[in-house]
Amino acid sequence: MGFADQRFNVNLSILFTELPLLERPAAAAAAGFSAVELWWPWIDSPTPEQSELDALKKAIEDAGVQLTGLNFYAGQLPGPDRGALSVPGEESARFRANIDVAAGFAQSLGCKALNALYGNRVDGADPAAQDALALENLVLAARAADRIGAILLIEALNRPESPLYPLVSAPSAIDVVDKVNAATGLGNAKFLMDLYHLSMNGEDLPSVIDRYAARTGHVQIADNPGRGAPGTGSLPLEELLDRLRKAGYDGWVGLEYKPGDRPSAEAFAWLPREAR
């Protein structure tokens with residue numbers, strides 16, 4: 001086994017960002033990849049003009065790549081925000097306005113995974129009230145995902161880089177997955193297992209894999225320290241992905257790492273072209 005046995009996609013919100021958005025799908029294809037994923041690309045607008053959606057759809061189709069994952073609107077990301085759905089007031093309303101837009105865009109490209117970042121704790125807001133709001137919004141998102149035959153992903157981030165984000169362990173994210181599935185009865189909420197974030201939290205990654213592989217809807221990787229390409233840090237990513245495969249995970253593995261001080265096209269030397 002090894003990297004050659006995995007299905008990798010490229011996150012175009014962290015790789016190829018030296019290029020305009022509409023040029024990134026073709027750049028990923030030129031690097032040998034057949035699939036891509038995206039954070040919500042319009043950080044200032046949960047409801048962009050249809051012309052903007054159409055232009056990105058055309059760029060993805062023209063490049064011949066599959067969109068396999070899309071985030072719902074998550075506020076200023078990259079930036080200080082880590083989602084909008086648990087943030088009372090305007091941000092929650094913006095998330096709700098985005099749900100059908102994101103689901104419709106995903107459906108138009110056959111994308112079957114939608115990631116809903118939980119959002120930061122807010123000064124002056126009751127955490128219990130934020131969690132209740134989050135569940136309401138996640139239920140809406142899960143139902144929208146179900147209407148297009150997609151799964152809803154819940155992601156744990158890491159405390160050092162996201163100190164206000166409440167889901168900073170695999171169990172905390174799994175708890176939200178369970179609550180959403182109990183509330184909807186749909187069973188389409190899944191765990192997004194990001195090995196970089198979990199390692200930054202000091203979690204026992206083999207144990208997390210063994211416990212939660214069956215509940216996992218998507219996997220993302222970057223090495224640690226540094227959030228660079230595999231081989232730039234000390235995580236045994238090849239072994240961990242093998243363990244995931246043996247535990248039954250056969251989905252996509254998102255490459256969500258920083259290219260470093262080089263063009264993104266040069267950040268894939270660790271992966272033979274025939275394995276992309």
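Along the sequence shown, the residues carry numbers beginning at 1.
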Task: Separation of Leu195 CG from Gln220 CD (nearest 0.5 Å) - done: 9.5 Å
Open item on the list: If hydrophobic clusters are built from ILVMFWY residues whose side chains come within less than 4.5 Å, do Leu140 and Ile151 share one?
Closed with: no
TODO: Considering non-hydrogen atoms only, spot the tightest contact between Leu70 and Ala102 and give its length.
DONE: CD2-O, 3.7 Å
Task: Beyond-backbone contact of Phe95 with Ser92, side-chain heavy atoms, under 4.5 angstrom - done: no
Task: Side chain proximity check, Leu38 to Leu56, heavy atoms < 4.5 angstrom - done: yes
Open item on the list: When you compare the side chain of Met193 with that of Leu244, does any pair of heavy atoms fall below 4.5 Å?
Closed with: yes
TODO: Answer yes or no: is there a side-chain heavy-atom contact under 4.5 Å between Arg24 and Glu18?
DONE: no
TODO: Determine yes or no for a side-chain-to-main-chain donor-acceptor pair under 3.5 angstrom, with Arg245 supplying the side chain and Asp5 the backbone.
DONE: yes
Open item on the list: Contact between Val65 and Ile60 at the side-chain level, heavy atoms closer than 4.5 Å - yes or no?
Closed with: yes
TODO: Indicate yes or no for a side-chain donor-acceptor contact from Ser86 to the backbone of Gln130 under 3.5 Å, with no hydrogens or angles considered.
DONE: no
Task: Shortest non-hydrogen separation from Ala142 to Val180 and the atoms involved - done: CB-CG1, 3.9 Å
TODO: Sequence neighbours left out, what pairs pass side chain to side chain donor-acceptor pair (under 3.5 Å) with at least one residue falling in residues 203-212?
DONE: Asp210-Arg243
Task: Tyr257: which of Leu15, Val10, Ile14 passes side-chain contact (heavy atoms from CB on, under 4.5 Å) - done: Leu15
Open item on the list: Between Glu256 and Trp39, do the side chains contain a donor N or O and an acceptor N or O under 3.5 Å apart?
Closed with: yes
- [ ] May I have the step-by-step check of side chain to side chain contact (heavy atoms under 4.5 Å, CB included) for Val36 and Leu67, ending in yes or no?
- [x] CA-CA 5 Å; Val36 299; Leu67 182 68; 4.1 Å; yes
Task: Trp40 side chain to Gly75 backbone, donor-acceptor under 3.5 Å - done: no
- [ ] State which residues pass side-chain contact (heavy atoms from CB on, under 4.5 Å) with Pro160; sequence neighbours excluded, sorted by chain then number.
- [x] Asn158, Met200, Asn201
TODO: Following the transitive rule for hydrophobic clusters with a side-chain heavy-atom cut-off under 4.5 Å over Ile, Leu, Val, Met, Phe, Trp and Tyr, establish whether Leu153 and Leu198 coincide in one cluster.
DONE: no
- [ ] Please name the residue in the list Leu138, Leu192, Asn115 that meets the side-chain contact (heavy atoms from CB on, under 4.5 Å) test with Ile154.
- [x] Leu138
Open item on the list: Holding to salt bridge (Lys or Arg N to Asp or Glu O under 4.0 Å), I want the full list of residues that pass it with Arg147, two or more places apart in sequence or in another chain.
Closed with: Asp100
Open item on the list: For the backbone of Pro46 and the side chain of Asn98, can you confirm whether one donor and one acceptor N or O come within less than 3.5 Å of each other?
Closed with: yes
- [ ] First locate atom CG of Asp123, then atom CG of Leu164, and finally report the distance between them rounded to the nearest 0.5 Å.
- [x] 7.5 Å
Open item on the list: Could you report the tightest heavy-atom contact between Leu85 and Ala116, atom names first, then the distance?
Closed with: CD2-CB, 3.7 Å
Open item on the list: Would you compute the distance between atom CG of Leu271 and atom CD of Glu238 and round it to the nearest 0.5 angstrom?
Closed with: 9.5 Å
Task: Carboxylate-amine/guanidinium contact Lys179 Asp175, below 4.0 Å - done: yes
Open item on the list: Determine whether a donor-acceptor pair (N or O, by modelled atom type, separation under 3.5 Å) exists between the side chain of Asn224 and the backbone of Tyr196.
Closed with: no
Open item on the list: Could you go through Gln6 and Asp242, starting from their C-alpha distance and side-chain angles, then the distance that decides it, and tell me whether this counts as side chain to side chain contact (heavy atoms under 4.5 Å, CB included)?
Closed with: CA-CA 8 Å; Gln6 310 297 330; Asp242 278 350; 4.0 Å; yes
- [ ] Using modelled atom types only, decide if a donor and an acceptor are shared between the side chain of Thr216 and the backbone of His218 within a distance under 3.5 Å.
- [x] no
Task: Neighbour count >12 (heavy atoms, 6.0 Å) for atom CD, Glu161 - done: yes
Task: Ala145 backbone acceptor or donor facing Lys112 side chain under 3.5 Å - done: no
- [ ] Examine Trp42 and Phe72 and state if one hydrophobic cluster contains both, with Ile, Leu, Val, Met, Phe, Trp and Tyr joined whenever side-chain heavy atoms are less than 4.5 Å apart.
- [x] yes
Task: Side-chain H-bond candidate by donor/acceptor type, Tyr73 with Arg94, under 3.5 Å - done: yes
Open item on the list: Within the 4.5 Å heavy-atom criterion, are Val101 and Leu53 side-chain neighbours or not?
Closed with: yes
- [ ] Evaluate the criterion salt bridge (Lys or Arg N to Asp or Glu O under 4.0 Å) for residue pair Asp54 and Lys58; output intermediate values, then yes/no.
- [x] CA-CA 6 Å; Asp54 290 344; Lys58 183 176 187 299; over 6 Å; no
Open item on the list: With rounding to the nearest 0.5 angstrom, report the CG to CG distance, Asp131 to Leu167.
Closed with: 8.0 Å
Open item on the list: Can you tell me if Arg121 has over 12 outside heavy atoms packed within less than 6.0 Å of its CZ?
Closed with: yes
Open item on the list: Under the criterion salt bridge (Lys or Arg N to Asp or Glu O under 4.0 Å), I'd like the reasoning laid out for Arg96 against Glu136: C-alpha separation, chi angles, the key distance, then a yes or no.
Closed with: CA-CA 10 Å; Arg96 291 192 184 197; Glu136 289 179 20; 3.0 Å; yes
Open item on the list: Just so I know, are the side chains of Asp146 and Thr184 near enough to count as touching, which here means a heavy-atom distance under 4.5 Å?
Closed with: no
Open item on the list: Please say yes or no: joined through hydrophobic side-chain contacts below 4.5 Å, possibly via intermediate residues, are Leu186 and Leu114 part of one cluster?
Closed with: no
Task: Closest heavy-atom pair and its distance - Ala229, Arg262 - done: CB-NH2, 4.0 Å
- [ ] Give the C-alpha distance, both sets of side-chain angles, the deciding distance and a yes or no for side chain to side chain contact (heavy atoms under 4.5 Å, CB included) between Leu255 and Phe33.
- [x] CA-CA 11 Å; Leu255 303 180; Phe33 293 94; 3.8 Å; yes
TODO: Starting from the C-alpha separation in whole Å, work towards a yes-or-no answer on side chain to side chain contact (heavy atoms under 4.5 Å, CB included) for Leu117 and Leu157.
DONE: CA-CA 9 Å; Leu117 285 172; Leu157 302 182; 4.2 Å; yes
Open item on the list: Rounded at 0.5 Å granularity, tell me how far OG in Ser199 sits from CD1 in Ile221.
Closed with: 11.5 Å
TODO: May I ask you to test the Phe8-Arg276 pair for a side-chain heavy-atom distance under 4.5 Å?
DONE: no
TODO: Would you confirm whether Asn120, through its side chain, and Asp81, through its main-chain N or O, come within 3.5 Å as a donor-acceptor pair?
DONE: no
Task: Closest non-hydrogen atom pair, Ala4 against Ala275 - done: CA-CB, 3.8 Å
- [ ] Could you tell me which non-hydrogen atom of Gly119 sits nearest to which non-hydrogen atom of Tyr165, and how far apart they are?
- [x] N-CE1, 3.5 Å
Task: Atom pair OG/OH of Ser172 and Tyr118 - distance to nearest 0.5 Å - done: 9.5 Å
TODO: Identify whether Leu12 and Val253 are in the same connected component of the hydrophobic contact network (ILVMFWY, side-chain heavy atoms under 4.5 Å).
DONE: yes
